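Every value quoted in this text rests on a predicted model; they were computed, and no experiment measured them. We're numbering straight along the sequence, starting at 1. Computed over heavy atoms, backbone and side chain alike; hydrogens, waters and symmetry mates excluded.
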Amino acid sequence: MIAPGELYPSEVDPHEDVVPAVRQYLSMRPSAVSDESCVTTRELRLWGLIECEPTEAEVEAALEALTVEAEVLA
């Protein structure tokens, strides 16, 4: 059963700074495309690419958006 309020990545609208941060991170570390979203979430903050750590759902949504834009290629 899905918990009330639980969202799928495609239903989450990432904050405006998450997509550019993920894009920049992947440009620096292309191999990170295969990392779990929890790793990418933590790395964005550790690399200083984003001020506040985003949620995993926001990072998943950003990765999905970039994939749709054909920017992330496995």
With the side chain counted from C-beta on, respond yes when Thr55 and Val18 share a heavy-atom pair under 4.5 Å apart, and no when they do not.
no
For Pro30 and Ser27, the nearest pair of non-hydrogen atoms, with its separation, is CD-O, 4.1 Å
Check: Met28 and Leu49 side chains under 4.5 Å, non-hydrogen atoms = yes
Hits for side chain to side chain contact (heavy atoms under 4.5 Å, CB included) against Thr41, two or more places apart or cross-chain, chain-then-number order -> Glu53, Pro54, Glu56, Val59
Residue pairs meeting ring-ring contact (aromatic ring centres under 6.0 Å, His included), one or both in residues 34-56, sequence neighbours left out, come to Tyr25-Trp47
Exactly one of Ile50, Val39, Asp17 clears side chain to side chain contact (heavy atoms under 4.5 Å, CB included) with Leu44, and that residue is Ile50
I'd like to know if the side chain of Arg45 and the backbone of Cys52 have a donor-acceptor N/O pair within less than 3.5 Å. no
Rounded to the nearest 0.5 Å, the CD atom of Glu36 sits from the CD atom of Glu60 at a distance of 8.5 Å
*Glu43 and Leu46: CA distance, side-chain angles, deciding distance, side chain to side chain contact (heavy atoms under 4.5 Å, CB included) verdict*: CA-CA 5 Å; Glu43 292 291 309; Leu46 292 174; 3.9 Å; yes
